[in-house]
Amino acid sequence: MSDDKIEKTPLVKEIPPKARDLSEWYQAVCYKAELVSLAPVRGCVVLRPYGFGLWERLQSELDRRFKETGHENAYFPLLIPESLLVREAEHVEGFAPEVAWVTEGGNEKLTERLAIRPTSEVVIGVMYAEWLQSYRDLPILINQWVNVMRWEKRTRPFLRTLEFLWQEGHTAHATEREAAEEVQRMLDIYRSVAQDIVGVPVYAGEKSESERFPGANHTFSIEALMPDGRALQAATSHELGQNFAKAYDIKFAAEDQTVQYAWTTSWGMSWRMLGALIMVHGDDRGLRIPPKMAPVEAVIVPIVRAGSDEVVAAARALLATLKGAGLRVKLDERDLRPGNKFSDWEMRGVPLRVELGAKDIEAGVATLVRRDKEKGEEGGKLVVPLAEVAARIAALLEDIQANLYREARAFLESHTLRPSDRSEFFERCRERAGMIDIPWCGLESCEAIVKAETSATTRVTRPLEGGESTCVACGEPAAMRAFFAQSY
RNA sequence: CGGGAUGUAGCUCAGCUUGGUUAGAGCGCUCGCCUUGGGCGCGAGAGGUUCGCAGGUUCGAAUCCUGUCAUCCCGACCA
């Protein structure tokens with residue numbers, strides 16, 4: 001059959017072209033690849049096994065790094081008494097519109113409302129106050145893997161749902177400097193997991209005042225760029241100063257015999273990161289999962305002929321070999337035609353397909369097909385001696401990981417623009433051209449004007465590079481560089 | 001929360017304007033045959049407690065009216 005015919009066949013009929021409507025494509029992929037299902041509750045999703053597999057990959061990569069940097073996991077309650085929540089004024093005010101409340105228990109009205117945690121600074125802070133006595137108790141380095149709830153107006157799978165999964169780290173330190181270092185350390189971990197594991201290139205930096213976490217002195221984040229030119233905040237890390245310490249009485253006896261308030265931090269990454277993975281890497285055939293994130297790194301599809309068990313036997317033997325080599329492999333023995341299986345696993349984004357048929361066995365080979373390459377693309381399909389399959393797969397997975405990142409990086413870079421005059425800047429912001437990088441004054445009023453006229457806001461800021469003198473948006477003296485973009 | 005749209009089989013949808021016998025199609029699913037190197041090989045079959053839910057109009061409602069819930073798009077909001 002000709003390549004021409006293959007081109008014209010709809011590859012995955014359930015999924016519309018990505019470029020036509022990203023939102024429609026995104027939802028189709030989320031549902032058809034069985035990552036999530038809509039739940040019978042408004043704005044909530046069920047994370048299905050395959051989606052949970054992605055989450056587990058992310059979890060294990062992050063968790064390992066948290067442990068390596070001295071953090072321990074713990075668990076704090078879901079409910080927060082209102083009287084505790086209101087103690088940090090800025091914090092409550094910031095979260096008020098998104099908090100869900102429990103007002104009844106059993107058949108009785110509660111005397112005090114209980115907030116379902118939108119984040120846990122409060123409960124954790126209260127406990128830290130109880131546990132912390134001496135500078136010898138510091139630092140406190142705790143993380144928890146939990147669900148949180150925020151009553152959002154508009155929801156989308158992974159990107160924004162009422163209930164979502166995340167991890168939140170909460171630490172307390174003796175000095176501002178240590179707390180600041182912690183915040184940067186965790187931001188670095190987020191950046192490296194996003195880029196090296198999830199394959200999503202990001203810009204890291206500090207949030208502007210208006211984008212800051214309620215109750216924080218400094219908020220840092222990593223920001224990724226989606227194919228439609230909107231930015232996605234993928235993780236945050238906050239310096240909370242002594243704000244929460246003062247509100248919740250987190251203090252200790254210092255070495256110099258004075259009583260001091262601790263310096264606290266918090267940092268989090270949610271399953272939203274998976275939304276970025278889906279949008280950044282996916283194509284018209286569905287998901288493309290970077291190998292390090294893939295619940296299944298390679299799938300073996302046996303090409304079975306009638307009355308021949310030897311192909312099945314060989315496939316099973318290969319499965320055992322590959323598993324033995326430490327690979328996450330699956331053998332697809334479903335009673336479907338091979339083409340069907342091909343498209344199915346492609347839609348699910350499995351990085352490598354191993355085809356094994358009678359001809360291969362006779363020749364002592366297996367056929368490997370990469371998900372990151374187009375059909376017919378150079379290097380997309382390889383015939384490899386059976387004895388070398390495990391080694392070749394390992395190498396190919398690395399190459400696929402690098403290739404997906406390279407593609408995403410090229411997109412980010414080609415969509416990072418540096419307009420030099422005001423009208424061009426506004427135009428680029430309006431048309432969602434990408435990350436619009438300018439010298440910026442840092443003034444809230446300037447940001448508000450840009451937002452009102454273009455819906456773009458600052459994503460992250462960083463120090464000036466030298467040489468810039470004025471803000472491209474308003475002409476005031478430049479104080480920093482900032483990426484502007486419309487965001488999710 | 002404002003503006004717009006949509007809810008009929010597991011999925012995608014037709015039927016609704018001009019109410020009226022047993023509510024349809026394709027895909028999927030099940031069973032058999034075929035035997036599988038890129039998706040629609042052949043045949044048979046099941047599946048809607050009756051059209052999101054609740055009221056109303058009517059002799060009669062998937063179809064008209066009201067309300068409600070949910071989803072999608074645009075906007076506002078969004079640690």
Side-chain angles (χ1 to χ4, degrees), chain A residues 1-3 5-16 21-24 26-28 31-32 37-45 88 90-99 117-122 148-157 159-162 164 166 168 207 210-216 219 221 233 235-238 240 266-268 270 272 285 301-308 311-312 332-347 353-361 363 365-367 369 375-376 381 383 451-452 455 457 486-488:
Chain A
M1 99 197 39
S2 69
D3 286 354
K5 183 177 174 186
I6 295 174
E7 286 309 318
K8 283 174 184 164
T9 313
L11 298 165
V12 176
K13 55 187 166 219
E14 298 92 338
I15 296 176
D21 181 345
L22 183 67
S23 177
E24 200 188 333
Y26 176 77
Q27 292 188 54
Y31 301 132
K32 305 292 181 182
S37 272
L38 282 175
V41 203
R42 181 189 86 82
C44 294
V45 294
E88 215 293 335
E90 238 182 81
H91 187 64
V92 217
E93 201 192 322
F95 275 106
E98 301 175 65
V99 173
R117 65 180 161 219
T119 178
S120 305
E121 276 72 9
V122 171
V148 288
M149 179 159 277
R150 296 181 190 179
W151 213 258
E152 303 287 354
K153 303 273 163 57
R154 202 175 157 188
T155 60
R156 317 178 127 109
L159 305 179
R160 174 164 285 116
T161 46
L162 299 199
F164 59 93
W166 78 343
E168 47 178 325
K207 284 291 194 185
S210 66
E211 298 280 323
R212 199 181 283 159
F213 179 79
T219 286
S221 79
Q233 174 179 302
T236 50
S237 187
H238 316 286
L240 304 176
S266 66
W267 28 274
S270 75
R272 187 184 233 201
R285 286 185 277 166
V301 178
I303 314 294
V304 186
R305 284 229 156 74
S308 131
V311 172
V312 174
D332 188 349
E333 295 199 59
R334 288 177 299 172
D335 183 24
L336 294 173
R337 301 190 119 69
N340 229 319
K341 296 181 183 179
F342 295 170
S343 66
D344 196 41
W345 292 109
E346 279 170 7
M347 184 176 69
R353 175 171 78 238
V354 183
E355 297 176 20
L356 193 62
K359 292 179 206 163
D360 297 304
I361 291 168
V365 299
T367 305
V369 183
K375 278 182 216 314
K381 199 167 199 170
V383 177
K451 184 175 183 182
S455 336
T457 51
Q486 294 185 35
S487 73
Y488 269 95

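The figures here come from the full heavy-atom set of this structure, side chains too, leaving out hydrogens, waters and symmetry mates.
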query = Within the distance-only criterion (no hydrogens, no angle test), does the side chain of Tyr488(A) pair as donor or acceptor with the backbone N or O of Arg160(A) below 3.5 angstrom?
reply = no
query = OP1, OP2 of rC73(B) versus side-chain N and O of Gln27(A): anything below 4.0 Å?
reply = yes
query = Does Arg353(A) have a side-chain nitrogen or oxygen under 4.0 Å from the phosphate oxygens OP1 or OP2 of rG38(B)?
reply = no
task = Would you mind telling me which residue lines up with the more 5' stretch of RNA chain B, His238(A) or Ile303(A), judged by nearest nucleotide?
result = Ile303(A)
query = Could one point to a donor on the side chain of Arg160(A) or the base of rC78(B) with an acceptor on the other under 3.5 Å away?
reply = yes
task = Find which nucleotide of RNA chain B each of Asp360(A) and Pro214(A) is nearest to by heavy atoms, and output the residue with the more 5' nucleotide.
result = Asp360(A)
key: Closest to side chain of Val369(A), choosing from rG38(B), rU36(B), rU71(B)   = rG38(B)
query = Quick check: does any side chain N or O of Lys207(A) sit under 3.5 Å from a backbone N or O of Ser221(A), one acting as donor and the other as acceptor?
reply = no
ask   = Short question: side chain of Arg272(A), backbone of Gln233(A) - any donor-acceptor pair under 3.5 Å?
value = yes
key: Pairwise P distance, rC65(B) and rU50(B) [rounded to whole Å]   = 24 Å
ask   = Is Gly94(A) touching bases, backbone alone, or none of the nucleic acid, heavy atoms closer than 4.0 Å?
value = nothing
Listed nucleotide nearest any side-chain atom of Tyr31(A), set rC40(B), rA70(B), rC72(B) = rC72(B)
